[in-house]
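I have placed the structure first, in the form of structure tokens, so that the comments after it can refer back to it.
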Protein chains: 2
Amino acid sequence: MTRPQTRIQQKNSEAILEAALDVFSTYGYRGATLDQIAEVAGLSKPNLIYYFPSKEAMHQALLTRLLDTWLDPLRDLDPDGDPVAEILGYVRRKVELSRDYPRESRLFANEILQGAPRMRDAIEGDLKRLVDAKATVLDRWMRDGRIARLPPHHLIFSIWALTQHYADFDSQIRAVLGDGHDPFAEAGDYLDTLFRKLLAP
Amino acid sequence: MTRPQTRIQQKNSEAILEAALDVFSTYGYRGATLDQIAEVAGLSKPNLIYYFPSKEAMHQALLTRLLDTWLDPLRDLDPDGDPVAEILGYVRRKVELSRDYPRESRLFANEILQGAPRMRDAIEGDLKRLVDAKATVLDRWMRDGRIARLPPHHLIFSIWALTQHYADFDSQIRAVLGDGHDPFAEAGDYLDTLFRKLLAP
DNA sequence: GTGTTTCCTGACCATGTGGTCAAAATCCAG
DNA sequence: CTGGATTTTGACCACATGGTCAGGAAACAC
């Protein structure tokens, strides 16, 4: 039976995951330490282990929670909507995700960089199925002449690459742009233009 | 005085850097261990330290060597060449880099993900200067109406994002595409199309 | 209050880690 | 072959790391 979470459990589990996200997204799984997470969370190390059985479990909890947030915008792509509006809407929502959840983006990037050892199943399963389904929709739009003919999977990859880049490579982008820039606002405009031109039949 | 490297030094230093690249690019700086590098290199751990004073030094050696390889194609962008040909050539060379040096790409990605703690100077210095210079060239081409008007820095970012994505997220891409695909060949064609459409005035 | 459950921690442990060192093995010029 | 320089390593060290555990402190039900 699953215990009804007490207020304290709720609060501390949340604080731990929040701290773990900070540390894992910065240093990767192996580079992160429980001591570091404990300090960020403001709890003792044994207390962390009281709420999560292991470091691995914390990481897993974060990844599981992450995947849904990450895929929701793609799920929302409406096969019956206007093709260009739907795709541009997806791009915009992905830019917003990068802006509002950069740590989640970096956590994901870290995991994939390492060959996705802890997410392979989800990627080969849920993710692949969803992408294949949406690729079919894109393909139909292309055959109907409503958007330019492009390889649908790579079209999706390019949306991921361009939007996530602004979260994952944030430090590089800010260093190169220098002060007085709002990278995400500029990215939103630029990517809107880019995909508008790309999709024009 | 710098000693003339003996044959053995040459060979072992190379083997160590090669192994270190393998391990660092997969696990990041903190996640990599000397024991692991030693095993991959086929040398004992104390022998590693005989050739490099510390783990840090190995990482630094890799990063230094990396940056040049990484920036060369951008340096080659010829201000007096044909704009579209120059940019498409740059994209193609970056795709080839991703295909031929994926570990280097991932090493770089790992470093930037972590906020570039060991590369900040190079990024704010050499890299920024080079990008600014090339952005000026792009800007001139745009004002002359030879390519579409776009924010030059973001145009460069999008080239980086799209090309490096195929190396950094290789495992995800292969999992989603399934068997029977050559990601880099497809990427080459797709990105050629993409930038051709994007740059058309 | 009192008893019970939940929550928290100091002290501890086995293992892993980056790095040292003296001595052994190998290489190589003459 | 020989003697000095280079290369290699087993044994070792101090410290960090993930995790344990017995018992104490709060919280809560009555």
Residues of residues 25-35 of chain B with a heavy atom under 4.0 Å from any atom of DNA chain D, listed by number, are Arg30(B)
Residue set satisfying side chain to side chain contact (heavy atoms under 4.5 Å, CB included) with Asp121(A), at least two apart, ordered chain then number -> none
The helix from dG1(C)-dC30(D) to dG30(C)-dC1(D): angle between terminal helix axes, five bp per end, to the nearest 10 degrees, reads 20°
Taken in chain and number order and not counting sequence neighbours, the residues that satisfy ring pair (Phe, Tyr, Trp, His ring centres under 6.0 Å) with Trp141(A) are none
By side chain to side chain contact (heavy atoms under 4.5 Å, CB included), Ile49(A) pairs with (sequence neighbours left out) Leu34(A)
Rounded to whole Å, the CZ-P distance (Phe52(A) to dG18(D)) equals 16 Å
From CD1 of Ile37(A) across to P of dG19(D) the rounded distance in Å is 10 Å
Rounded to whole Å, CD of Gln10(B) lies from P of dC27(C) at a distance of 18 Å
To the nearest angstrom, the CD-P distance between Glu39(B) and dG16(C) comes to 13 Å
Close N/O contacts between protein and nucleotides 8-10 of chain D (under 3.5 Å):
from	atom 1	to	atom 2	distance (Å)
dT8(D)	OP1	Asn12(B)	ND2	3.3
dT8(D)	OP2	Asn12(B)	ND2	2.9
dT8(D)	OP2	Asn47(B)	OD1	3.4
dT8(D)	OP2	Asn47(B)	ND2	3.2
dT8(D)	OP2	Tyr51(B)	OH	2.6
dT8(D)	O5'	Asn47(B)	ND2	3.2
dT9(D)	OP2	Ser44(B)	OG	3.1

For Arg120(A), the side chain to side chain contact (heavy atoms under 4.5 Å, CB included) test, sequence neighbours excluded, returns Glu124(A)
Hits for ring pair (Phe, Tyr, Trp, His ring centres under 6.0 Å) against His153(A), two or more places apart or cross-chain, chain-then-number order -> none
Among dG19(D), dT6(D), dG19(C), the one nearest any side-chain atom of Gln9(B) is dT6(D)
In whole angstroms, the gap separating C1' of dT17(D) from CD of Gln36(A) amounts to 12 Å
From NZ of Lys55(A) across to C1' of dA16(D) the rounded distance in Å is 12 Å
Those residues at least two apart in sequence (or on a different chain) that pass side chain to side chain donor-acceptor pair (under 3.5 Å) with Arg93(B) are Asp76(B)
Residues pairing under ring pair (Phe, Tyr, Trp, His ring centres under 6.0 Å) where one sits in residues 164-188 of chain B, two or more places apart or in two chains, turn out to be His154(A)-Tyr166(B), His165(B)-Phe169(B)
Residues at least two apart in sequence or cross-chain that pass side chain to side chain donor-acceptor pair (under 3.5 Å) with Ser105(A), listed by chain then number, are Asp168(A)
For Tyr190(A) and Ser158(B), does a side-chain donor sit closer than 3.5 Å to a side-chain acceptor? yes
Contacts of Arg196(B) meeting side chain to side chain donor-acceptor pair (under 3.5 Å) (sequence neighbours excluded), chain-then-number -> Asp192(B)
| task | Give a yes or no on whether a salt bridge exists between Arg75(A) and Asp68(A), defined as a side-chain N under 4.0 angstrom from a carboxylate O. | result | yes
